[in-house]
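Step one of this worksheet: look at the structure below.
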Amino acid sequence: MLNTSDIMETINMIQNENLDVRTITMGISLLDCADSDIDKSCEKVYNKIYRLAKDLVKTGESIEKKYGIPIVNKRISVTPIAMLVAASGGDPVKYAKTLDRAAKAVGVNFIGGYSALVQKGFSAGDRELIESIPRALAETEFVCSSVNVGSTKAGINMDAVKLMGHAVREAAQLTKDRQCIGAAKLVVFCNAPEDNPFMAGAFHGPGEPDCVLNVGVSGPGVVRAVLAKMPKDAKLEEVADVIKKTAFKITRMGQLVGSEASAALGVPFGIIDLSLAPTPAVGDSVAHILEEIGLEQCGGPGTTAALAMLNDAVKKGGVMASSAVGGLSGAFIPVTEDAGMIDAARSGVLTIEKLEAMTAVCSVGLDMIVIPGDSAPETISAIIADEAAIGMVNSKTTAVRVIPAIGLKDGEELEFGGLLGSGPIMKINTKSPAVMINRGGRIPAPLQSLKN
(Lines give C-alpha, C1' and ligand atoms only; values in the text may rest on other atoms or scores of the structure.)
Protein backbone atom coordinates (compact mmCIF):
# COMPACT_ATOMS: atom_id res chain seq x y z
CA MET A 1 0.00 0.00 0.00
CA LEU A 2 1.11 3.55 -0.71
CA ASN A 3 0.85 6.34 1.81
CA THR A 4 0.81 10.10 1.19
CA SER A 5 4.49 10.57 2.03
CA ASP A 6 5.53 7.85 -0.47
CA ILE A 7 3.50 9.55 -3.20
CA MET A 8 4.91 13.00 -2.42
CA GLU A 9 8.45 11.61 -2.32
CA THR A 10 8.03 10.09 -5.77
CA ILE A 11 6.58 13.33 -7.16
CA ASN A 12 9.60 15.22 -5.81
CA MET A 13 11.97 12.67 -7.38
CA ILE A 14 10.31 13.17 -10.78
CA GLN A 15 10.02 16.97 -10.64
CA ASN A 16 13.32 17.89 -9.01
CA GLU A 17 15.73 14.93 -9.22
CA ASN A 18 15.44 13.70 -12.84
CA LEU A 19 13.76 10.39 -11.97
CA ASP A 20 12.38 8.70 -15.07
CA VAL A 21 11.77 5.43 -16.83
CA ARG A 22 14.55 5.66 -19.38
CA THR A 23 13.02 3.17 -21.80
CA ILE A 24 10.34 0.61 -22.42
CA THR A 25 11.73 -1.75 -25.04
CA MET A 26 9.66 -4.35 -26.87
CA GLY A 27 11.72 -7.40 -27.81
CA ILE A 28 10.47 -9.14 -30.95
CA SER A 29 11.67 -12.48 -32.32
CA LEU A 30 12.13 -12.48 -36.08
CA LEU A 31 13.08 -16.15 -36.37
CA ASP A 32 9.77 -16.93 -38.07
CA CYS A 33 10.54 -14.21 -40.65
CA ALA A 34 13.46 -16.13 -42.13
CA ASP A 35 13.10 -16.83 -45.86
CA SER A 36 15.40 -17.86 -48.68
CA ASP A 37 14.16 -14.75 -50.56
CA ILE A 38 15.53 -11.62 -48.83
CA ASP A 39 12.73 -9.40 -50.13
CA LYS A 40 10.05 -11.74 -48.76
CA SER A 41 11.95 -11.93 -45.47
CA CYS A 42 12.09 -8.13 -45.23
CA GLU A 43 8.35 -7.92 -45.87
CA LYS A 44 7.69 -10.41 -43.05
CA VAL A 45 10.00 -8.45 -40.74
CA TYR A 46 8.20 -5.17 -41.38
CA ASN A 47 4.75 -6.70 -40.97
CA LYS A 48 5.57 -8.45 -37.70
CA ILE A 49 7.21 -5.41 -36.12
CA TYR A 50 4.32 -3.18 -37.13
CA ARG A 51 1.69 -5.65 -35.92
CA LEU A 52 3.24 -6.07 -32.47
CA ALA A 53 4.62 -2.58 -31.83
CA LYS A 54 2.07 -0.27 -33.45
CA ASP A 55 0.59 0.66 -30.04
CA LEU A 56 3.86 0.75 -28.07
CA VAL A 57 4.38 4.52 -28.18
CA LYS A 58 0.69 5.27 -27.55
CA THR A 59 0.68 2.93 -24.55
CA GLY A 60 3.80 4.54 -23.10
CA GLU A 61 2.29 8.01 -23.48
CA SER A 62 -0.94 6.85 -21.83
CA ILE A 63 0.97 5.53 -18.80
CA GLU A 64 2.93 8.79 -18.60
CA LYS A 65 -0.32 10.76 -18.40
CA LYS A 66 -1.96 8.34 -15.95
CA TYR A 67 0.86 8.34 -13.39
CA GLY A 68 2.86 11.45 -14.25
CA ILE A 69 5.97 9.30 -14.74
CA PRO A 70 8.25 10.37 -17.61
CA ILE A 71 9.01 7.52 -20.04
CA VAL A 72 11.84 9.03 -22.04
CA ASN A 73 12.24 6.44 -24.80
CA LYS A 74 10.09 3.80 -26.47
CA ARG A 75 12.24 1.30 -28.35
CA ILE A 76 12.32 -2.06 -30.10
CA SER A 77 14.92 -4.83 -30.09
CA VAL A 78 14.89 -7.71 -32.56
CA THR A 79 16.57 -11.05 -33.22
CA PRO A 80 20.20 -10.63 -34.38
CA ILE A 81 19.76 -9.91 -38.07
CA ALA A 82 22.77 -12.05 -38.99
CA MET A 83 20.52 -15.07 -38.33
CA LEU A 84 18.12 -13.94 -41.05
CA VAL A 85 20.98 -13.17 -43.44
CA ALA A 86 22.11 -16.79 -42.95
CA ALA A 87 18.84 -17.99 -44.46
CA SER A 88 18.30 -15.39 -47.15
CA GLY A 89 21.73 -14.28 -48.29
CA GLY A 90 21.79 -11.01 -50.22
CA ASP A 91 22.69 -7.51 -49.07
CA PRO A 92 22.14 -7.26 -45.28
CA VAL A 93 21.56 -3.50 -45.55
CA LYS A 94 18.11 -4.34 -46.96
CA TYR A 95 17.21 -5.55 -43.47
CA ALA A 96 18.61 -2.37 -41.90
CA LYS A 97 16.46 -0.22 -44.14
CA THR A 98 13.41 -2.38 -43.35
CA LEU A 99 14.05 -1.96 -39.61
CA ASP A 100 14.41 1.78 -40.09
CA ARG A 101 11.15 1.98 -42.02
CA ALA A 102 9.34 -0.03 -39.32
CA ALA A 103 10.78 2.17 -36.55
CA LYS A 104 9.51 5.29 -38.32
CA ALA A 105 6.09 3.72 -38.88
CA VAL A 106 5.53 2.89 -35.20
CA GLY A 107 7.25 6.02 -33.88
CA VAL A 108 9.97 4.56 -31.66
CA ASN A 109 13.25 6.33 -30.82
CA PHE A 110 15.59 3.48 -31.81
CA ILE A 111 15.49 -0.11 -33.01
CA GLY A 112 18.32 -2.45 -32.02
CA GLY A 113 19.35 -5.83 -33.33
CA TYR A 114 21.43 -5.23 -36.44
CA SER A 115 23.69 -7.67 -34.66
CA ALA A 116 25.81 -10.80 -34.79
CA LEU A 117 26.92 -13.22 -32.05
CA VAL A 118 30.39 -14.40 -33.03
CA GLN A 119 32.15 -15.12 -29.73
CA LYS A 120 33.39 -18.52 -30.90
CA GLY A 121 33.52 -18.00 -34.65
CA PHE A 122 31.55 -16.98 -37.74
CA SER A 123 28.54 -18.86 -39.01
CA ALA A 124 26.56 -18.13 -42.17
CA GLY A 125 25.55 -14.48 -42.38
CA ASP A 126 27.82 -13.20 -39.60
CA ARG A 127 30.75 -11.88 -41.59
CA GLU A 128 28.48 -10.39 -44.24
CA LEU A 129 26.51 -8.50 -41.60
CA ILE A 130 29.61 -7.21 -39.78
CA GLU A 131 31.14 -5.93 -43.01
CA SER A 132 27.86 -4.12 -43.83
CA ILE A 133 27.50 -2.35 -40.44
CA PRO A 134 29.13 0.99 -41.39
CA ARG A 135 26.95 1.36 -44.46
CA ALA A 136 23.81 0.23 -42.62
CA LEU A 137 24.32 2.83 -39.89
CA ALA A 138 25.13 5.57 -42.39
CA GLU A 139 22.04 4.87 -44.51
CA THR A 140 19.51 4.62 -41.65
CA GLU A 141 18.37 6.94 -38.88
CA PHE A 142 17.00 4.76 -36.07
CA VAL A 143 18.92 1.47 -36.42
CA CYS A 144 21.49 0.44 -33.77
CA SER A 145 24.06 -2.31 -34.10
CA SER A 146 25.97 -4.60 -31.76
CA VAL A 147 28.37 -7.51 -32.08
CA ASN A 148 29.32 -9.96 -29.33
CA VAL A 149 32.98 -10.92 -29.85
CA GLY A 150 33.71 -12.83 -26.66
CA SER A 151 32.39 -14.65 -23.62
CA THR A 152 33.68 -16.35 -20.51
CA LYS A 153 32.66 -19.73 -21.96
CA ALA A 154 34.05 -19.21 -25.48
CA GLY A 155 37.04 -16.86 -25.17
CA ILE A 156 37.57 -13.94 -27.56
CA ASN A 157 37.21 -14.18 -31.33
CA MET A 158 40.15 -12.01 -32.38
CA ASP A 159 39.24 -12.23 -36.06
CA ALA A 160 35.96 -10.53 -35.15
CA VAL A 161 37.80 -8.01 -32.96
CA LYS A 162 39.95 -7.06 -35.96
CA LEU A 163 36.90 -6.62 -38.15
CA MET A 164 35.19 -4.45 -35.53
CA GLY A 165 38.13 -2.06 -35.29
CA HIS A 166 37.70 -1.35 -38.99
CA ALA A 167 33.88 -1.23 -38.68
CA VAL A 168 33.98 1.39 -35.91
CA ARG A 169 36.43 3.55 -37.87
CA GLU A 170 34.44 3.27 -41.11
CA ALA A 171 31.10 3.93 -39.36
CA ALA A 172 32.55 7.20 -38.07
CA GLN A 173 34.05 8.06 -41.46
CA LEU A 174 30.78 7.53 -43.35
CA THR A 175 28.90 9.80 -40.94
CA LYS A 176 31.55 12.48 -40.39
CA ASP A 177 29.10 15.11 -41.62
CA ARG A 178 26.72 14.07 -38.78
CA GLN A 179 29.14 14.18 -35.81
CA CYS A 180 30.29 10.60 -36.62
CA ILE A 181 26.95 9.36 -35.27
CA GLY A 182 27.37 5.95 -36.92
CA ALA A 183 30.00 4.91 -34.36
CA ALA A 184 27.75 6.14 -31.52
CA LYS A 185 25.11 3.59 -32.59
CA LEU A 186 27.56 0.65 -32.55
CA VAL A 187 28.53 -1.43 -29.49
CA VAL A 188 31.04 -4.28 -29.27
CA PHE A 189 30.27 -6.70 -26.42
CA CYS A 190 31.75 -9.50 -24.38
CA ASN A 191 29.15 -11.60 -22.51
CA ALA A 192 26.27 -9.67 -24.09
CA PRO A 193 22.92 -10.20 -22.30
CA GLU A 194 19.98 -11.26 -24.45
CA ASP A 195 17.42 -9.05 -22.66
CA ASN A 196 19.13 -5.65 -22.45
CA PRO A 197 16.61 -2.82 -23.09
CA PHE A 198 19.23 -0.07 -23.47
CA MET A 199 20.57 1.16 -26.80
CA ALA A 200 22.74 0.94 -28.70
CA GLY A 201 23.40 -2.62 -27.50
CA ALA A 202 19.86 -4.01 -27.33
CA PHE A 203 18.99 -7.14 -29.28
CA HIS A 204 16.38 -9.85 -28.72
CA GLY A 205 18.32 -13.02 -27.98
CA PRO A 206 17.43 -16.38 -29.56
CA GLY A 207 16.60 -17.73 -26.10
CA GLU A 208 13.93 -15.08 -25.49
CA PRO A 209 10.13 -15.44 -25.99
CA ASP A 210 8.43 -14.48 -29.25
CA CYS A 211 7.60 -11.03 -27.87
CA VAL A 212 8.38 -9.47 -24.49
CA LEU A 213 8.45 -6.06 -22.82
CA ASN A 214 11.59 -4.99 -20.93
CA VAL A 215 11.97 -1.79 -18.91
CA GLY A 216 15.05 0.30 -18.12
CA VAL A 217 14.77 2.65 -15.15
CA SER A 218 17.15 5.41 -14.19
CA GLY A 219 17.64 7.78 -11.29
CA PRO A 220 21.20 9.02 -10.73
CA GLY A 221 19.81 12.39 -9.63
CA VAL A 222 17.68 10.74 -6.96
CA VAL A 223 20.63 8.82 -5.52
CA ARG A 224 22.80 11.92 -5.54
CA ALA A 225 20.12 14.00 -3.80
CA VAL A 226 19.73 11.44 -1.02
CA LEU A 227 23.48 11.20 -0.46
CA ALA A 228 23.79 15.00 -0.39
CA LYS A 229 21.58 15.03 2.73
CA MET A 230 23.85 12.62 4.61
CA PRO A 231 26.52 13.89 7.03
CA LYS A 232 30.04 13.81 5.59
CA ASP A 233 31.22 11.56 8.43
CA ALA A 234 28.60 8.85 7.79
CA LYS A 235 30.20 5.41 7.52
CA LEU A 236 30.42 3.87 4.06
CA GLU A 237 28.13 0.98 5.04
CA GLU A 238 25.50 3.60 5.91
CA VAL A 239 26.03 5.20 2.50
CA ALA A 240 25.61 1.82 0.80
CA ASP A 241 22.42 1.15 2.77
CA VAL A 242 20.89 4.46 1.68
CA ILE A 243 21.74 3.69 -1.96
CA LYS A 244 20.08 0.27 -1.63
CA LYS A 245 16.87 1.75 -0.23
CA THR A 246 16.78 4.40 -2.95
CA ALA A 247 17.37 1.83 -5.71
CA PHE A 248 14.44 -0.17 -4.30
CA LYS A 249 12.10 2.82 -4.66
CA ILE A 250 13.31 3.61 -8.17
CA THR A 251 12.88 0.00 -9.29
CA ARG A 252 9.34 -0.26 -7.84
CA MET A 253 8.32 2.55 -10.17
CA GLY A 254 9.79 0.67 -13.13
CA GLN A 255 7.96 -2.49 -12.09
CA LEU A 256 4.67 -0.57 -12.06
CA VAL A 257 5.26 0.86 -15.54
CA GLY A 258 6.35 -2.50 -16.94
CA SER A 259 3.34 -4.32 -15.53
CA GLU A 260 0.93 -1.67 -16.84
CA ALA A 261 2.48 -1.62 -20.32
CA SER A 262 2.58 -5.40 -20.48
CA ALA A 263 -1.11 -5.70 -19.63
CA ALA A 264 -2.13 -2.93 -22.05
CA LEU A 265 -0.19 -4.43 -24.96
CA GLY A 266 -1.00 -8.07 -24.20
CA VAL A 267 2.72 -8.87 -24.19
CA PRO A 268 4.57 -10.76 -21.40
CA PHE A 269 6.56 -8.61 -18.99
CA GLY A 270 10.24 -9.52 -19.17
CA ILE A 271 12.75 -7.78 -16.93
CA ILE A 272 13.62 -4.54 -15.21
CA ASP A 273 17.10 -3.28 -16.00
CA LEU A 274 17.87 -1.17 -12.95
CA SER A 275 20.92 0.58 -14.34
CA LEU A 276 21.71 4.13 -13.28
CA ALA A 277 21.82 5.70 -16.75
CA PRO A 278 22.99 9.32 -16.66
CA THR A 279 22.20 12.20 -19.01
CA PRO A 280 24.02 15.48 -19.73
CA ALA A 281 21.33 17.28 -17.66
CA VAL A 282 22.58 18.98 -14.50
CA GLY A 283 21.87 16.76 -11.50
CA ASP A 284 21.59 13.49 -13.44
CA SER A 285 25.16 12.26 -13.24
CA VAL A 286 26.77 9.04 -11.95
CA ALA A 287 30.07 10.93 -11.61
CA HIS A 288 28.37 13.35 -9.22
CA ILE A 289 27.15 10.42 -7.09
CA LEU A 290 30.76 9.28 -6.72
CA GLU A 291 31.71 12.80 -5.72
CA GLU A 292 28.92 12.86 -3.10
CA ILE A 293 30.40 9.65 -1.69
CA GLY A 294 33.56 11.63 -1.05
CA LEU A 295 35.76 12.09 -4.12
CA GLU A 296 37.07 15.53 -5.03
CA GLN A 297 36.44 14.65 -8.68
CA CYS A 298 35.51 11.50 -10.57
CA GLY A 299 38.64 9.86 -11.97
CA GLY A 300 40.81 10.59 -8.96
CA PRO A 301 42.09 8.00 -6.46
CA GLY A 302 39.21 6.06 -4.88
CA THR A 303 36.97 6.25 -7.95
CA THR A 304 37.01 2.52 -8.69
CA ALA A 305 36.23 1.61 -5.08
CA ALA A 306 33.36 4.11 -4.87
CA LEU A 307 31.92 2.84 -8.15
CA ALA A 308 32.16 -0.79 -6.99
CA MET A 309 30.16 0.06 -3.87
CA LEU A 310 27.57 2.01 -5.86
CA ASN A 311 27.12 -0.74 -8.43
CA ASP A 312 26.69 -3.42 -5.79
CA ALA A 313 24.26 -1.38 -3.68
CA VAL A 314 22.08 -0.57 -6.71
CA LYS A 315 21.79 -4.28 -7.56
CA LYS A 316 21.04 -5.31 -3.98
CA GLY A 317 18.32 -2.69 -3.63
CA GLY A 318 16.74 -3.21 -7.02
CA VAL A 319 16.61 -6.98 -7.07
CA MET A 320 14.11 -7.08 -4.21
CA ALA A 321 11.80 -4.58 -5.91
CA SER A 322 11.12 -6.44 -9.15
CA SER A 323 9.70 -9.77 -10.23
CA ALA A 324 12.67 -10.17 -12.59
CA VAL A 325 15.89 -8.18 -12.88
CA GLY A 326 18.05 -8.57 -15.97
CA GLY A 327 19.79 -6.70 -18.75
CA LEU A 328 22.89 -4.86 -17.57
CA SER A 329 21.69 -3.56 -14.17
CA GLY A 330 24.21 -1.41 -12.35
CA ALA A 331 25.82 1.97 -13.01
CA PHE A 332 26.61 3.24 -16.50
CA ILE A 333 29.67 5.42 -17.08
CA PRO A 334 29.18 6.90 -20.58
CA VAL A 335 31.46 9.92 -20.84
CA THR A 336 29.55 12.18 -23.24
CA GLU A 337 26.19 11.39 -21.62
CA ASP A 338 27.18 12.33 -18.06
CA ALA A 339 27.75 15.96 -17.04
CA GLY A 340 30.20 15.01 -14.28
CA MET A 341 32.17 12.66 -16.54
CA ILE A 342 32.40 15.37 -19.19
CA ASP A 343 33.83 17.84 -16.66
CA ALA A 344 36.31 15.26 -15.33
CA ALA A 345 37.47 14.36 -18.85
CA ARG A 346 37.86 18.03 -19.79
CA SER A 347 40.01 18.69 -16.73
CA GLY A 348 42.23 15.68 -17.47
CA VAL A 349 41.41 13.96 -14.17
CA LEU A 350 39.46 11.20 -15.93
CA THR A 351 41.58 9.31 -18.47
CA ILE A 352 40.75 6.37 -20.70
CA GLU A 353 43.09 4.20 -18.61
CA LYS A 354 41.13 5.06 -15.44
CA LEU A 355 37.88 4.39 -17.25
CA GLU A 356 39.16 0.94 -18.20
CA ALA A 357 39.90 0.20 -14.54
CA MET A 358 36.40 1.38 -13.60
CA THR A 359 34.82 -1.01 -16.10
CA ALA A 360 36.02 -3.95 -14.02
CA VAL A 361 33.38 -3.02 -11.41
CA CYS A 362 30.61 -1.16 -13.30
CA SER A 363 27.78 -2.61 -15.34
CA VAL A 364 29.06 -2.07 -18.87
CA GLY A 365 32.35 -0.75 -20.22
CA LEU A 366 34.06 1.97 -22.22
CA ASP A 367 30.98 3.86 -23.29
CA MET A 368 30.51 6.97 -25.45
CA ILE A 369 34.19 7.89 -25.45
CA VAL A 370 35.34 10.23 -28.21
CA ILE A 371 38.84 9.42 -29.50
CA PRO A 372 41.05 11.16 -32.09
CA GLY A 373 39.82 10.83 -35.66
CA ASP A 374 43.14 9.47 -36.91
CA SER A 375 43.12 6.51 -34.49
CA ALA A 376 44.24 3.38 -36.35
CA PRO A 377 41.72 0.52 -36.75
CA GLU A 378 44.22 -1.79 -35.03
CA THR A 379 44.30 0.53 -32.01
CA ILE A 380 40.49 0.49 -31.81
CA SER A 381 40.59 -3.32 -32.09
CA ALA A 382 43.10 -3.49 -29.24
CA ILE A 383 40.88 -1.30 -27.03
CA ILE A 384 38.03 -3.71 -27.78
CA ALA A 385 40.24 -6.71 -26.97
CA ASP A 386 41.36 -5.21 -23.64
CA GLU A 387 37.78 -4.55 -22.59
CA ALA A 388 36.60 -7.99 -23.74
CA ALA A 389 39.38 -9.55 -21.65
CA ILE A 390 38.08 -7.78 -18.52
CA GLY A 391 34.61 -9.15 -19.19
CA MET A 392 35.79 -12.64 -20.06
CA VAL A 393 38.02 -13.11 -17.01
CA ASN A 394 35.57 -11.53 -14.57
CA SER A 395 32.46 -13.31 -15.93
CA LYS A 396 30.67 -10.01 -16.53
CA THR A 397 29.33 -7.98 -19.42
CA THR A 398 31.73 -5.44 -20.87
CA ALA A 399 31.37 -3.33 -23.98
CA VAL A 400 33.08 -0.70 -26.10
CA ARG A 401 31.39 2.26 -27.77
CA VAL A 402 34.08 4.64 -28.95
CA ILE A 403 33.63 7.39 -31.53
CA PRO A 404 36.61 8.35 -33.71
CA ALA A 405 36.05 12.08 -34.31
CA ILE A 406 37.06 12.30 -37.96
CA GLY A 407 39.13 15.44 -38.60
CA LEU A 408 39.54 16.29 -34.92
CA LYS A 409 42.38 15.71 -32.43
CA ASP A 410 42.58 15.19 -28.68
CA GLY A 411 41.59 18.25 -26.70
CA GLU A 412 38.91 19.32 -29.20
CA GLU A 413 35.22 18.50 -28.62
CA LEU A 414 32.46 16.65 -30.45
CA GLU A 415 28.86 17.77 -29.92
CA PHE A 416 25.98 15.31 -30.42
CA GLY A 417 23.17 17.07 -28.57
CA GLY A 418 20.22 15.39 -26.83
CA LEU A 419 20.82 12.30 -24.69
CA LEU A 420 24.13 11.57 -26.44
CA GLY A 421 25.55 14.86 -25.13
CA SER A 422 29.02 16.08 -25.99
CA GLY A 423 32.55 15.51 -24.85
CA PRO A 424 36.25 16.16 -25.25
CA ILE A 425 38.33 13.96 -27.50
CA MET A 426 40.30 11.81 -25.09
CA LYS A 427 43.96 11.05 -25.60
CA ILE A 428 44.80 7.41 -26.25
CA ASN A 429 48.07 5.50 -26.31
CA THR A 430 49.26 5.31 -29.91
CA LYS A 431 51.87 2.56 -29.57
CA SER A 432 50.90 0.08 -32.27
CA PRO A 433 49.29 -3.29 -31.40
CA ALA A 434 49.09 -4.17 -35.12
CA VAL A 435 51.20 -7.37 -34.95
CA MET A 436 49.02 -8.83 -32.19
CA ILE A 437 45.73 -7.84 -33.85
CA ASN A 438 46.82 -9.17 -37.25
CA ARG A 439 47.67 -12.59 -35.77
CA GLY A 440 43.93 -13.29 -35.62
CA GLY A 441 42.65 -16.55 -34.20
CA ARG A 442 41.07 -16.83 -30.78
CA ILE A 443 42.08 -16.05 -27.21
CA PRO A 444 41.06 -19.26 -25.39
CA ALA A 445 38.43 -19.25 -22.68
CA PRO A 446 39.83 -18.76 -19.16
CA LEU A 447 39.92 -21.43 -16.47
CA GLN A 448 36.77 -19.88 -14.91
CA SER A 449 34.79 -21.21 -17.87
CA LEU A 450 35.14 -24.78 -16.58
CA LYS A 451 32.37 -24.60 -13.99
CA ASN A 452 30.33 -27.69 -14.89
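Note that this is a predicted model, so its numbers are computed, not measured.
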Before you tell me yes or no, could you show the steps for Phe198 and Phe332 under ring-ring contact (aromatic ring centres under 6.0 Å, His included), namely the whole-Å CA-CA distance, both residues' side-chain angles and the distance that decides it to 0.1 Å? CA-CA 11 Å; Phe198 285 103; Phe332 287 1; 5.0 Å; yes

CA sep, side-chain torsions, deciding dist, call: Lys354, Thr304, side-chain hydrogen bond (donor to acceptor under 3.5 Å, both in side chains): CA-CA 8 Å; Lys354 184 61 174 179; Thr304 306; 3.2 Å; yes

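Here Lys48 pairs with Asp32 in a salt bridge; the nearest charged N to carboxylate O distance falls below 4.0 Å.
With rounding to the nearest 0.5 angstrom, the NE2 atom of His288 is 9.5 Å from the CE atom of Met341. The distance from the OH atom of Tyr95 to the CE atom of Met83 is 13.0 Å, given to the nearest 0.5 Å. Thr303 OG1 to Ile293 CD1: the interatomic distance, rounded to the nearest 0.5 Å, is 10.0 Å.
The side-chain hydrogen bond (donor to acceptor under 3.5 Å, both in side chains) search around Glu131 returns none, not counting sequence neighbours. Remark: Arg346 engages Asp343, Glu413 in a salt bridge (Lys or Arg N to Asp or Glu O under 4.0 Å) (not counting sequence neighbours). Applying the side-chain hydrogen bond (donor to acceptor under 3.5 Å, both in side chains) test to Thr251 and every residue at least two apart in sequence or in another chain returns nothing. Under the salt bridge (Lys or Arg N to Asp or Glu O under 4.0 Å) criterion, Asp37 pairs with no residue, sequence neighbours left out.
For Gly318 against Ala247, the heavy-atom pair with the smallest separation is N-CB, 4.0 Å. Annotation for Asp374 and Arg169: closest pair CA-NH2, 4.1 Å, computed over non-hydrogen atoms.
Note on residues 423-442: pairs passing side chain to side chain donor-acceptor pair (under 3.5 Å), not counting sequence neighbours, are Lys162-Asn438. Residue pairs meeting the side chain to side chain donor-acceptor pair (under 3.5 Å) criterion with at least one partner in residues 134-148, sequence neighbours excluded, are Asp91-Arg135, Lys97-Glu139, Ser115-Ser146, Gln119-Asn148.
Looking at Asp273, its side chain does come within 3.5 Å of a backbone N or O of Leu328 through a donor-acceptor pair. Within the 3.5 Å criterion, the main-chain N or O of Lys396 finds a donor-acceptor partner in the side chain of Asn191.
Cation-pi check for Arg75 over Phe110 is not met; the charged atom does not lie both under 6.0 angstrom from the ring centroid and within 45 degrees of its normal. A cation-pi arrangement is found for Arg101 relative to Tyr46, the charged atom lying closer than 6.0 Å to the ring centre and inside a 45° cone about the ring normal.
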